[in-house]
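Notes follow the structure.
Numbers here are sequence positions counted from 1. One-based numbering, in listed order, for ligands and for the atoms of each.
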Amino acid sequence: MKKRRKIISVAIDSPAAAGAGTQGKLIAKEYNLLYLDTGKIYRLLGKLRLQNKKKFTKKLVKKKIKNIKFKDLNDKNLLNDDIAISASIIAKDKAIRKIIKNFQKNCAYNPPLKYSGSVLDGRDITSVIMKDAMFKFYITANLKERSKRRYLEFKKLKKNVLFKDVLKSLRNRDYLDKTRSHSPLKKTQDSILINTSKLSKKACFLKIKAIMDKKLKPNGNI
Ligand code: C5P
């Protein structure tokens, strides 16, 4: 039997705008890991749904996922709020989640050889996609703080938005993501809780790094 390659695997779940993406990228850089923001896959499909309306079918989703490229996930337009809500709506669909599962698992457990492992963030990473990850984190922050961060992100991108609308949209998505029947967002028992409400990006990363180094470098070796 082929032996599975030993890799560093990091699974992160979080509600929207809690800082998981920032931390995921920092972790990837520090430990030379492939980083996948799985929310972007749902957003890509959310956009496809808005563009195709009634012609949005499972067949179309399968075709899109079959031809998915990492660069498709970097499209700045995916950050739009209408796309985020559309993503949350399709994310309730069990069949759609199943179509995306293999792509995510492949990134998680079979990253290109140049990487020492992988870090994925999303809503069902610790509970479904990477159940046996070496490290599992649940990153969160209070709604007001998350809304403030997302609002500033939009402003930086010169998007004309109101703070109250950003807050309303995040609250709506929290509700959709936490209450759906398939793969709802939740903190698994074996995930480490990181609340970033009062933490700077750096302080948060140092906290995560300390946890990871304790296991990866028990003797202080680099
Ligand atoms: O993380 P982001 O806000 O970009 O995710 C957009 C939406 O995609 C989420 O609100 C959620 O409904 C869905 N999603 C999901 N499972 C994931 C990642 C994202 O259901 N692993």
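In terms of heavy-atom proximity, Tyr42 sits nearest to Ile90 at O-CD1, 3.8 Å. Nearest heavy atom pair, residue Ile12 against residue Ala20, reads CG2-CB, 3.9 Å.
Residue contacts with ligand 1, taken as heavy atom pairs separated by less than 4.0 Å, involve Asp177 solely via side-chain atoms from C-beta onward. Residue Arg173 touches ligand 1 through its side chain alone, judged by heavy-atom distances below 4.0 Å. Contact annotation for Lys92 and ligand 1: no heavy atom of the residue comes within less than 4.0 Å of the ligand.
Among Arg150, Arg123, Lys40, the residue whose heavy atom sits closest to atom 2 (P) of ligand 1 is Arg123.
Distance from atom 16 (N) of ligand 1 to its nearest protein heavy atom, with residue and atom name: Arg97 NH2, 3.0 Å. At the top of the distance list for atom 4 (O) of ligand 1, counting protein heavy atoms only, stands Arg43 NE, 2.6 Å. Of the protein's heavy atoms, Tyr42 CB, 3.3 Å lies nearest to atom 8 (O) of ligand 1.
Using a 4.0 Å cut-off between charged nitrogen and carboxylate oxygen, Lys159 and Asp81 do not count as a salt-bridge pair.
Ligand-side atoms of ligand 1 in range of Ala91: 12 (O), 13 (C), 20 (O), range being under 4.0 angstrom from any heavy atom. Listed by number with element, the atoms of ligand 1 under 4.0 angstrom from any heavy atom of Gly122 are 17 (C), 18 (C), 21 (N). Ligand-side atoms of ligand 1 in range of Asp124: 16 (N), 17 (C), 21 (N), range being under 4.0 angstrom from any heavy atom. Each of the atoms 9 (C), 10 (O), 11 (C), 12 (O) of ligand 1 lies under 4.0 Å from some heavy atom of Ser88.
Proximity of a side-chain donor or acceptor of Arg43 to a complementary backbone N or O of Leu78 within less than 3.5 Å is detected.
Applying the 6.0 Å contact sphere to NZ of Lys155 captures more than 12 heavy atoms from other residues, nucleotides or ligands.
Relative ring orientation between Phe70 and Phe103 is described as tilted, the plane-to-plane angle lying within the 30° to 60° band.
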Exercise for the section: Decide salt bridge (Lys or Arg N to Asp or Glu O under 4.0 Å) for Asp174 and Arg146; before the verdict, give the C-alpha distance in whole Å, the side-chain angles of both, and the deciding distance to 0.1 Å. Expected result: CA-CA 11 Å; Asp174 282 357; Arg146 289 189 284 125; 2.6 Å; yes
